[in-house]
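Just so you know, these numbers come straight off a predicted model, no measurement behind them.
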Amino acid sequence: MSAALQMTAFGLALLSTLFLLLATCTDCWMVNADDSLEVSHKCRGLWRECVTNMQDGVRTCDQYDSILADHPVKIVVTRTLLISADLLAGLALATLLLGLDCIKFLKEDPRVKLKMCYGAGVTLGIGSILGLVGSVWYAVDVYVERAMLVSRNIFLGVHYDFGWSCWLGMAGSTGCFAASVLLTCCL
């Protein structure tokens, strides 16, 4: 039972960590959600903004000036939280891998392996909370920005909605949290 639970938690943690890494690296956190006939598809991310021409499929991206440049708070906070979540999830994944019963590392001391699995669960839990806060922070800021423009009857020609990278960050964080619960509460 314990080995099956460990393998389930490891698989979930691996998939969720990949989702978090993809969310951090991809550039579609905000996508244009205009109801009119569109010629281009615009995505804003944490690192750059891309526009895809819908007629010929040509994609151009503009990198943000610098990591240290003066960026909006939502980008800086989301970058920081997601990079921290990525690092913690990677560390937890490595610790969990060494703590699995099927791995021969420290095979003679099962209590240490169990503590490694528990520690990986705690680390995954902290990483998942950071990733979830970063993803939800960004999503709420997009929603508030859009709601303020609508309440003031300001239409700039395009408004943005949550992109697939934002949803991927939320899914990865939720999966890491579920793996954390499996490791800390069910083992």
Side-chain angles (χ1 to χ4, degrees), residues 8 10-94 124 127-179:
T8 302
F10 178 74
L12 185 59
L14 179 64
L15 184 66
S16 300
T17 301
L18 289 175
F19 281 1
L20 274 175
L21 286 170
L22 280 173
T24 305
C25 297
T26 54
D27 53 10
C28 205
W29 280 77
M30 288 171 55
V31 63
N32 61 331
D34 200 7
D35 294 330
S36 66
L37 183 64
E38 294 185 27
V39 179
S40 63
H41 179 74
K42 298 174 186 137
C43 282
R44 286 186 184 171
L46 302 177
W47 310 102
R48 61 188 174 180
E49 183 173 344
C50 295
V51 177
T52 305
N53 188 329
M54 299 304 277
Q55 295 173 345
D56 57 8
V58 174
R59 183 175 185 202
T60 57
C61 295
D62 292 330
Q63 298 281 350
Y64 295 144
D65 292 336
S66 167
I67 291 176
L68 302 175
D70 191 23
H71 294 295
V73 173
K74 73 178 171 189
I75 288 179
V76 174
V77 169
T78 306
R79 279 181 184 174
T80 304
L81 290 171
L82 259 74
I83 289 171
S84 301
D86 292 342
L87 292 173
L88 287 172
L91 175 67
L93 202 58
L124 263 176
S128 70
I129 290 170
L130 292 177
L132 198 58
V133 166
S135 299
V136 170
W137 167 283
Y138 196 93
V140 166
D141 197 59
V142 169
Y143 176 77
V144 167
E145 178 181 322
R146 188 166 127 202
M148 288 182 63
L149 291 175
V150 169
S151 70
R152 295 180 183 159
N153 290 328
I154 299 173
F155 184 69
L156 300 175
V158 66
H159 66 274
Y160 288 90
D161 207 356
F162 314 132
W164 59 270
S165 296
C166 187
W167 292 112
L168 201 60
M170 289 182 202
S173 299
T174 304
C176 283
F177 187 75

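Here the shortest heavy-atom pairing between S173 and S128 reads O-CB, 3.2 Å. Nearest approach of V76 to T80, heavy atoms of both residues: O-OG1, 2.8 Å. The shortest heavy-atom contact between C166 and S135 is SG-O, 3.7 Å. Residues L124 and A13 approach most closely at CD1-CB, 3.6 Å, considering heavy atoms. Nearest approach of L12 to A178, heavy atoms of both residues: CD2-CB, 3.6 Å. Counting all heavy atoms, side chain and backbone alike, T26 lies closest to S165 at OG1-OG, 2.5 Å.
Contact check for L20 versus C176: side-chain heavy atoms found under the 4.5 Å cut-off. At least one side-chain heavy atom of L81 sits under 4.5 Å from a side-chain heavy atom of V77. In this structure, W47 and D27 have side chains that are not in contact, with every pair of non-hydrogen atoms separated by 4.5 Å or more. Between L130 and L88 the shortest side-chain heavy-atom distance falls below 4.5 Å. Taking 4.5 Å as the limit, every side-chain heavy atom of F162 sits out of range of all side-chain heavy atoms of Y138. For the pair V142/D161, no side-chain contact is recorded, criterion being any heavy-atom separation below 4.5 Å from C-beta on. Contact check for V31 versus H41: side-chain heavy atoms found under the 4.5 Å cut-off. Side-chain contact between T52 and V58 is absent, with no heavy-atom pair separated by less than 4.5 Å.
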Open item on the list: Between I75 and W29, does the side chain to side chain contact (heavy atoms under 4.5 Å, CB included) criterion hold? Intermediate values first, please.
Closed with: CA-CA 10 Å; I75 288 179; W29 280 77; over 6 Å; no

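For the atom pair CE (M30) and CG (L46), the distance works out to 11.0 Å, reported to the nearest 0.5 Å. From S16, atom OG reaches atom CG of L168 across 10.0 Å, with rounding to the nearest 0.5 Å. A distance of 13.0 Å separates OG in S84 from CD1 in I129, rounded to the nearest 0.5 Å. Taking CG of D62 as the reference point, atom CZ of R44 lies at 11.0 Å (rounded to 0.5 Å).
Applying the salt bridge (Lys or Arg N to Asp or Glu O under 4.0 Å) criterion to D141, with sequence neighbours excluded, gives K74.
At most 12 heavy atoms of other shown residues, nucleotides or ligands fall within 6.0 angstrom of atom CZ in F177.
Taken as a pair, C50 and C28 fail the criterion of an SG-SG distance shorter than 2.5 angstrom.
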